[in-house]
Amino acid sequence: VKNSVFELYGIFGCPLGHTLSPGMQEAAFRAVNRKAFYVPFEVSRKEFLRVLKNLPRLILDGFNVTVPHKEAAARTLKYQTAEARAVGAVNTVYRQGRRWIGTNTDVEGFCRALLREGRFRAQGKQCVVLGAGGAARAAVYGLAREKAASVVIVNRNLARARRLAQDFQPLFKKTRLRAVPNTFETMKAVLNEAQLVVNATSVGMKKNDPALLESVWIPAAGKNPKLFYDLIYRPAETEFLRQARLKKHRTLNGITMLVYQGARAFECWTGKKAPEALMRQELEKALEQHG
Ligand SMILES: NC(=O)c1ccc[n+]([C@@H]2O[C@H](COP(=O)([O-])OP(=O)(O)OC[C@H]3O[C@@H](n4cnc5c(N)ncnc54)[C@H](OP(=O)(O)O)[C@@H]3O)[C@@H](O)[C@H]2O)c1
């Protein structure tokens with residue numbers, strides 16, 4: 001039974017030990033004077049599917065979905081936004097009357113961070129995205145929606161990169177999408193031409209991860225620094241960003257995207273502008289506490 005004393009939100013995923021969302025979202029609700037709790041629900045795939053089947057009886061006001069359930073949500077939810085359908089992953093679910101709508105706020109998070117913090121307008125630019133998983137699909141969708149001139153997708157599994165390019169090309173006529181293998185010749189040429197290089201792989205999160213780019217592939221910035229944008233937020237500076245910084249390019253890590261994807265979710269749930277600066281402060285505090 002829904003109560004009128006407080007609102008209830010949550011996040012479904014597994015494992016959830018690392019989630020930074022509850023602190024960030026509860027601070028945002030407090031800031032706009034709404035009494036709300038945000039609870040982590042660590043559930044198996046089977047349990048999550050049961051939740052989705054019983055949405056009319058769910059006592060939550062909205063929720064987030066994270067690894068590994070985002071794709072299952074996209075396959076199951078009847079109502080979805082265009083970006084959730086295209087990306088094939090739902091990370092936010094909100095109510096609209098009696099309907100539950102699935103969306104993907106990573107797209108908006110990626111774009112807002114790129115524009116506001118990265119001060120990079122994608123329109124007409126040459127971009128490279130490393131990776132072809134869920135985060136890469138959100139990034140490529142965002143860049144194509146902003147009318148980038150081209151997006152080159154590089155992935156260890158080339159077939160997956162090709163599929164991404166083929167899925168999105170029919171949706172975006174102004175952006176040329178292509179997949180290339182991660183070899184010396186192609187990477188040198190591609191990185192030379194690019195104005196933006198995005199790491200949307202998970203490489204760089206762990207200490208002994210392999211190098212994603214060879215340092216010799218990255219040209220010195222000279223008068224035309226590129227923007228290197230890593231979606232990873234822990235550690236704050238990955239090897240990918242360190243190498244770019246040493247060559248004097250501009251860098252942006254994944255913290256801002258994390259804030260803005262959360263801010264967009266908050267806006268879907270409340271219809272109110274999210275207190276972004278405060279959400280960022282909370283997130284940075286939590287990241288500091290968790291090393
Ligand atoms: N800042 C944010 O708000 C935000 C939001 C979403 C995600 N992210 C970050 O984005 C990253 C990717 O997430 P995801 O959901 O897209 O994961 P995913 O769907 O599992 O995709 C992982 C990607 O990394 C590649 N990869 C993994 N290990 C590799 C290796 N050893 N060498 C080369 N490539 C490797 C995979 O290549 P294959 O296809 O060849 O396996 C794939 O392209 C994560 O670090 C996540 O934290 C950040």
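Nothing fancy with the numbering, it's 1 onward along the sequence. From a predicted model like this one, the values you see are computed outputs, not experimental measurements. First listed ligand is number 1; within each ligand, the first listed atom is number 1.
- Contacts with ligand 1 closer than 4.0 Å are made by side-chain heavy atoms of Met205 only, the backbone lying farther away.
- Taken together through direct or relayed side-chain contacts under 4.5 Å among Ile, Leu, Val, Met, Phe, Trp and Tyr, Leu252 and Val259 form parts of separate hydrophobic clusters.
- Protein heavy atom nearest atom 27 (C) of ligand 1, with residue, atom name and distance: Ser202 OG, 3.5 Å.
- Using a 4.0 Å cut-off between heavy atoms, Val203 contacts ligand 1 through its side chain alone, with no backbone atom that close.
- Within the 4.0 Å heavy-atom shell around ligand 1 one finds Ala200.
- Glu83 and Arg137 are not joined by a salt bridge, as no carboxylate oxygen comes within less than 4.0 angstrom of a charged side-chain nitrogen.
- At a 4.0 Å heavy-atom cut-off, ligand 1 touches Asp106 through the side chain alone.
- At a heavy-atom distance under 4.0 Å, only side-chain atoms of Arg160, from C-beta outward, approach ligand 1.
- In terms of protein heavy-atom proximity, atom 31 (N) of ligand 1 is nearest to Arg156 NH1, 3.3 Å.
- Within the structure, salt bridge (charged side-chain N to carboxylate O under 4.0 Å, His left out) contacts touching residues 63-72 (residues at least two apart or in different chains) are Lys70-Asp106.
- A salt bridge between Lys188 and Glu214 is absent, with no side-chain N of the basic residue lying under 4.0 Å from a carboxylate O of the acidic one.
- Distance screen at 4.0 Å: atom 46 (C) of ligand 1 has no protein heavy-atom neighbour inside the cut-off.
- Heavy atoms of Asn157 found under 4.0 angstrom from ligand 1 belong to the backbone as well as the side chain.
- Put simply, atom 3 (O) of ligand 1 has protein non-hydrogen atoms near it, under 4.0 Å away.
- The residues Glu7 and Arg95 are annotated as not salt-bridged, no charged nitrogen and carboxylate oxygen being separated by less than 4.0 angstrom.
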Before giving the answer on ring-ring contact (aromatic ring centres under 6.0 Å, His included), spell out for Phe37 and Phe6 the whole-Å C-alpha distance, their side-chain angles and the decisive distance to 0.1 Å.
CA-CA 7 Å; Phe37 294 95; Phe6 55 80; 5.0 Å; yes

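- Between atom 38 (P) of ligand 1 and the options Asn155, Asn91, Val129, Asn199, the minimum heavy-atom separation is to Asn155.
- In the model, Glu108 has no side-chain atom that pairs as donor or acceptor with a side-chain atom of Thr105 under 3.5 Å.
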